[in-house]
Amino acid sequence: METKKTKREGKKSRGVSAFVVIIIALILAESFFYFVLGNPSNFEGNDPANHPHNLLGTMFKGGFVVPIILTLLLTVIILSVERFFALSKAKGKGNLINFVYDVKNELRKNNISAAESLCGKQKGSVAAIVDAGLKKYKEMETVSIPKEQKIEEIKAEIEEATALELPSMQQNLPIIATISTLGTLMGLFGTVLGMIKSFQALGQAGAVDSVALSVGISEALVNTATGIATGALAIISYSYFSGKIDNMTYAIDEMGFALTQTYAETHNS
């Protein structure tokens, strides 16, 4: 008797589009740049054309690179918050380690219905994958094919369910990974522009404009600091969420092994 293949459709992404986030971050960064950093009160004589007299004014003098770095920084923050909630939902309601332990305990008793009930309570992507494996497990008990093929069918079902759920877990993480490098590079680019202004001040005929020199160096260092902070935050965020995904993947692999092992031990055919 041939096994009946269940056709699965890919789920629509549950996450927020990175493009939309970047556009929102750009608007916020530009607004902050012109209305907060560019506020006349941050400059001598309340004129943005003059030298700045605080850090906000110095950042404004950093030029067009500053809103770009701020856009990257805000993008990382927004995507990190989005991933936190998305992965918390994927993990499910209860403790993931306890969930795996409880399901494995029910499998040892060959109590598949109770294991399915635990999946219904846990919810989330991990529980959905385990539940798909449990349903295939029960289906294999009603078909007449070799035992080895039944075990392969259970494995294939779990792998297929994982392939459908995993992209939604990993969504937007490549963007965060890219910003971890791009943020630092943009900071260095702003540093180079600030140093160019400093050397221009040194190269002027007559006395050296010490104010222009110090402002150029300040702009360079501010861009460096902001770019490094953005890159560091992106690296921390990417590492943290990658670790959470790895933990869920390990749980899925462990459950897949437990399902096939249990079937092999408790069924003769």
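Only a predicted model underlies this, so the values are computations on that prediction, with no experimental measurement involved.
Here the closest non-hydrogen pair linking Val103 and Ala115 is CG1-CB, 4.2 Å. Contact record, Ala29 with Pro67: CB-O, 3.6 Å, taken as the closest heavy-atom pair. Closest of all the heavy-atom pairs between Gly133 and Ile154 is O-CG2, 4.3 Å.
Under the 4.5 Å side-chain heavy-atom criterion for ILVMFWY residues, no single connected hydrophobic cluster contains both Val222 and Leu73. No continuous path of hydrophobic side-chain contacts links Ile77 to Ile235 [ILVMFWY only; heavy atoms under 4.5 Å]. A continuous path of Ile, Leu, Val, Met, Phe, Trp and Tyr side chains, each step under 4.5 Å between heavy atoms, connects Val81 with Ile175, placing both in one hydrophobic cluster. If you chain together hydrophobic residues whose side chains sit under 4.5 Å apart, Leu87 and Phe85 fall into the same group. No continuous path of hydrophobic side-chain contacts links Ile228 to Val192 [ILVMFWY only; heavy atoms under 4.5 Å].
Heavy atoms from other residues, nucleotides or ligands lying under 6.0 Å from NZ of Lys93 number 12 at most.
Judged purely by atom type and a 3.5 angstrom limit, Glu44 has no side-chain atom pairing as donor or acceptor with the backbone of Ala49. Looking at Asn111, its side chain does come within 3.5 Å of a backbone N or O of Ala114 through a donor-acceptor pair. No donor-acceptor pair under 3.5 Å is formed between the side chain of Lys123 and the backbone N or O of Val126. Judged purely by atom type and a 3.5 angstrom limit, His53 uses its side chain to pair as donor or acceptor with the backbone of Ser41. The backbone N or O of Asn42 sits nowhere less than 3.5 Å from a side-chain atom of Asn39 that would complete a donor-acceptor pair. Not one N or O on the side chain of Thr226 forms a donor-acceptor pair closer than 3.5 Å with the backbone of Asn223. A donor-acceptor distance shorter than 3.5 angstrom exists from the side chain of Thr191 to the backbone of Ala220, with no hydrogens or angles considered. With hydrogens and angles ignored, the 3.5 Å screen pairs a side-chain donor or acceptor of Arg83 with a backbone N or O of Met169. In this structure a side-chain-to-backbone donor-acceptor pair under 3.5 Å is present from Lys61 to Pro48.
The closest side-chain heavy-atom distance from Thr162 to Glu159 is not below 4.5 Å. You'll find the side chain of Met140 stays beyond 4.5 Å of the side chain of His267, heavy atoms only. Annotation: side chain of Lys244 is not in contact with side chain of Lys91 (no heavy-atom distance under 4.5 Å). Within the 4.5 Å cutoff, no side-chain heavy atoms of Leu74 are placed close to those of Ile22. Between Lys138 and Ser113, some side-chain heavy-atom pair lies under the 4.5 Å cut-off. Looking only at side-chain heavy atoms (C-beta outward), Pro174 and Asn172 stay at 4.5 Å or farther from each other. Here the side chains of Val130 and Ile252 are not in contact, with every heavy-atom distance at 4.5 Å or above.
Here CD of Glu153 is found 12.0 Å from CD1 of Ile158. Values are rounded to the nearest 0.5 Å. Separating the OH atom in Tyr250 from the CG atom in Asp246 is a distance of 4.5 Å, to the nearest 0.5 Å. In this structure, CG on Leu79 lies 9.0 Å from CG on Leu173, to the nearest 0.5 angstrom. Atom OG1 of residue Thr262 and atom CZ of residue Phe257 lie 9.0 Å apart, to the nearest 0.5 angstrom. Rounding to the nearest 0.5 angstrom, the gap separating the CG atom in Leu70 from the CE atom in Met186 is 11.0 Å.
Each of Leu26, Ile27, Leu28 was scored for a side-chain contact (heavy atoms from CB on, under 4.5 Å) with Glu30, with one residue passing: Leu26. For the side-chain contact (heavy atoms from CB on, under 4.5 Å) with Ser237, the lone residue among Ser180, Ser242, Ser80 that qualifies is Ser80. Here the options are Val66, Val65, Thr71, the test is side-chain contact (heavy atoms from CB on, under 4.5 Å), and the partner is Ile69; only Val65 passes.
In summary, the side chains of Tyr137 and Asn110 do present a donor paired with an acceptor at a separation below 3.5 Å, with no hydrogens or angles considered.
Taking the charged nitrogens against the carboxylate oxygens, Glu141 and Lys150 have no contact shorter than 4.0 Å, which rules out a salt bridge. The pair Glu157-Lys135 does not meet the salt-bridge criterion, since no charged nitrogen lies less than 4.0 angstrom from a carboxylate oxygen. A salt bridge links Glu139 and Lys136; the closest N-O separation between the charged side-chain nitrogens and carboxylate oxygens is under 4.0 Å.
Residue Ile236 shares its hydrophobic cluster (ILVMFWY side chains chained together at separations under 4.5 Å) with no other residue.
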Please step through ring pair (Phe, Tyr, Trp, His ring centres under 6.0 Å) for the pair Phe43 and Phe60, ending with a clear verdict. CA-CA 10 Å; Phe43 305 89; Phe60 180 80; 5.6 Å; yes
